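Report on the following structure.
All of these numbers come straight from a predicted model, not from anything done at the bench. The analysis underlying the following values was restricted to heavy atoms, covering all of them including side chains, and did not include hydrogens, waters or symmetry mates. In the text below, chain A, chain B and the rest are named by the order of the sequence lines, each starting its count at 1.
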2 protein chains.
Amino acid sequence: MSTGTHSEQSLTPGARRILDVASELFYWRGINAVGVDTIAAESGVTKRTLYDRFGSKDNLVAAYLNARDRRWRDTVTARLRDAPPDPVARVLVPFDALPEWLAPSTRGCGFSNAFAELPDADHPGRRIAVAEKTWLRALFRDLLTEAGAADGNDVEALATQLLSLHEGAIISYAVVNDDSAVAAARAAAKMLVTGTLPGHLADQPSSR
Amino acid sequence: MSTGTHSEQSLTPGARRILDVASELFYWRGINAVGVDTIAAESGVTKRTLYDRFGSKDNLVAAYLNARDRRWRDTVTARLRDAPPDPVARVLVPFDALPEWLAPSTRGCGFSNAFAELPDADHPGRRIAVAEKTWLRALFRDLLTEAGAADGNDVEALATQLLSLHEGAIISYAVVNDDSAVAAARAAAKMLVTGTLPGHLADQPSSR
DNA sequence: CTGTAGGTATACAGGTCTGTGAAGTCAATT
DNA sequence: AATTGACTTCACAGACCTGTATACCTACAG
């Protein structure tokens, strides 16, 4: 029992600190490079407490990715809520959220990194990483549909293209250290969207 | 001495086997998840030999990435050599090389993965990963220039966009398991290139 | 007053990690 | 005949890994 199912804010103070410290260390040093001893020590907590709260390192990794996933989705949906109604602009919202999300980081995307570190398809952490990208792709698809794209191959292909641009921008930014990567990817995304959508300005609420 | 500087084909049979095995294991299981004991055993070689040939695990990691980098660059340049002279098609060659390069893999890009696993900026392996992406971006820039793009911001931004599409396609393919990701990214790249280049068909050998 | 939850401290089991040391084998070159 | 390169076997250091066990402390709720 213990953790995993609820995963809510029902964390004890110690567990909260453990998760915060673990998140920081997992992201910056890598999941496999950080041991539970370090996490416990850095949290001001004994290893016993860590295992009482989280059960295993794998669970802690999953909790880290889950929390990160929720933060990311909340960030995007909040920006969508406050975004202007222009449908094309809304499609680009995930790109607008990126600079703040990536901050100064040279560490790239925590989910892609986790994917790289967890080859086991059954690892709960890997599943969360996959779910995050799947969610983002679905979000692009939905936003495109709202923007008046006809259902069909075009929407699917365009959603994939936007996802690729998005993920690739993070890599270009982190690996090649290209500060303009996100803005460039956003511009490319805009071009693709306006170039593919049928009503090129899509002002009227679609043809349905 | 020993390894690192020459890095050529001057490998002893044992070293060759070690490098082959290590490459396979590092790619599929992750660098930090594979120990030298496993590599030595799987190579039919003692740990002593491994250290005599490569000096350290970090060196072996660097050798792995170096070899992979060379294979990738050779693949792309060979395809460029055999490619038709159409300048736009030549820009897309790295995308055409992807399906064969990624094969059935669900493990994504070995360099991005290494980047995720090696947070230390001084690690020789990380440098190689960065160099690979930097090279690809420069290649896109050069191919765009040959395609008649005017020097300036456009070329730089477009090169970044192509790199992002390229890297993102690998992630979409590996993480989301989207088989069409590479083709979609290629189509997007084509759209961006033809939409941005001045001479929209760029048939004449540029304006210089 | 008696549990229970959330801790603490310490020790340890059983393993794996990278890396080295000492001594020796075998084949090819010089 | 001597040397060198490639390699083996075995042992070991010293650190780190995940995970558990024993025992105690404190605050609070029924």
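The distance between atom CZ of B/Arg53 and atom P of C/dT18, rounded to the nearest whole Å, is 19 Å. Rounded to a whole Å, the CG atom of A/Asn32 is 16 Å from the P atom of C/dT16. We find that NZ of B/Lys57 is positioned 8 Å from P of C/dG19, with the value rounded to whole Å. Remark: P of C/dA22 and OH of B/Tyr51 are 18 Å apart, rounded to the nearest angstrom. One can place CG of A/Leu11 at 11 Å from P of C/dG6, the figure rounded to the nearest angstrom. In this structure, the CG atom of A/Asp52 is 13 Å from the C1' atom of C/dT4, given to the nearest Å.
Taking a cutoff of 4.0 Å between a charged side-chain nitrogen and a carboxylate oxygen, A/Arg16 and A/Asp20 qualify as a salt bridge. Residues A/Asp52 and A/Arg48 are paired through a salt bridge, judged by an N-O separation under 4.0 Å between the basic side chain and the carboxylate.
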Quiz prompt | Verdict with reasoning, B/Trp101 to B/Arg71, per side chain to side chain contact (heavy atoms under 4.5 Å, CB included) | solution = CA-CA 10 Å; B/Trp101 177 254; B/Arg71 253 175 44 227; 3.8 Å; yes
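The salt bridge (charged side-chain N to carboxylate O under 4.0 Å, His left out) pairs that include a residue from residues 125-143 of chain A are A/Lys133-A/Glu167, A/Arg137-A/Glu156, A/Arg137-B/Asp178, A/Arg141-A/Glu156, where partners are two or more places apart or lie in different chains.
Overall bending of the helix from C/dC1-D/dG30 to C/dT30-D/dA1, expressed as the angle between end axes built from five pairs apiece, is 10° (10° steps).
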Result block: side-chain N/O donor-acceptor pairs under 3.5 angstrom for residues 23-31 of chain A, not counting sequence neighbours:
{"from": "A/Ser23", "atom 1": "OG", "to": "A/Leu19", "atom 2": "O", "distance (Å)": "2.7"}
{"from": "A/Tyr27", "atom 1": "OH", "to": "A/Ser105", "atom 2": "OG", "distance (Å)": "2.7"}
{"from": "A/Tyr27", "atom 1": "OH", "to": "A/Gly108", "atom 2": "O", "distance (Å)": "2.6"}

Table please: side-chain donor-acceptor pairs of residues 76-84 of chain A below 3.5 Å, with sequence neighbours left out.
{"from": "A/Thr77", "atom 1": "OG1", "to": "A/Arg73", "atom 2": "O", "distance (Å)": "2.8"}
{"from": "A/Thr77", "atom 1": "OG1", "to": "A/Asp74", "atom 2": "O", "distance (Å)": "3.2"}
{"from": "A/Arg79", "atom 1": "NH2", "to": "A/Glu100", "atom 2": "OE1", "distance (Å)": "2.9"}

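With a cutoff of under 4.0 Å to any heavy atom of chain B, the contacted region of DNA chain D is bounded 5' to 3' by D/dA6 to D/dT9.
A donor-acceptor contact closer than 3.5 angstrom is absent between the side chains of A/Ser172 and B/Thr160.
With sequence neighbours excluded, the residues that form a salt bridge (charged side-chain N to carboxylate O under 4.0 Å, His left out) with B/Lys47 are B/Asp37. The side chain to side chain donor-acceptor pair (under 3.5 Å) test applied to B/Asp58 returns B/His123, not counting sequence neighbours. For A/Thr46, the side chain to side chain donor-acceptor pair (under 3.5 Å) test picks out A/Thr49, with sequence neighbours left out. Scored by the side chain to side chain contact (heavy atoms under 4.5 Å, CB included) test, B/Ala189 finds B/Leu92, B/Phe95, B/Leu162, B/Leu165 as partners (sequence neighbours excluded). Taking the side chain to side chain donor-acceptor pair (under 3.5 Å) definition, one finds that A/Arg186 meets it with A/Asp96, sequence neighbours left out.
Contacts between residues 34-50 of chain A and DNA chain C, defined by a heavy-atom separation under 4.0 Å, are made by A/Gly44, A/Val45, A/Thr46, A/Arg48, A/Thr49. Contacts between residues 117-128 of chain A and DNA chain D, counted as heavy-atom distances below 4.0 Å, involve no residue at all.
Taking the six-membered ring where tryptophan is involved, the planes of A/Trp72 and A/Trp135 are perpendicular, since the angle between them exceeds 60° and thus also 30°.
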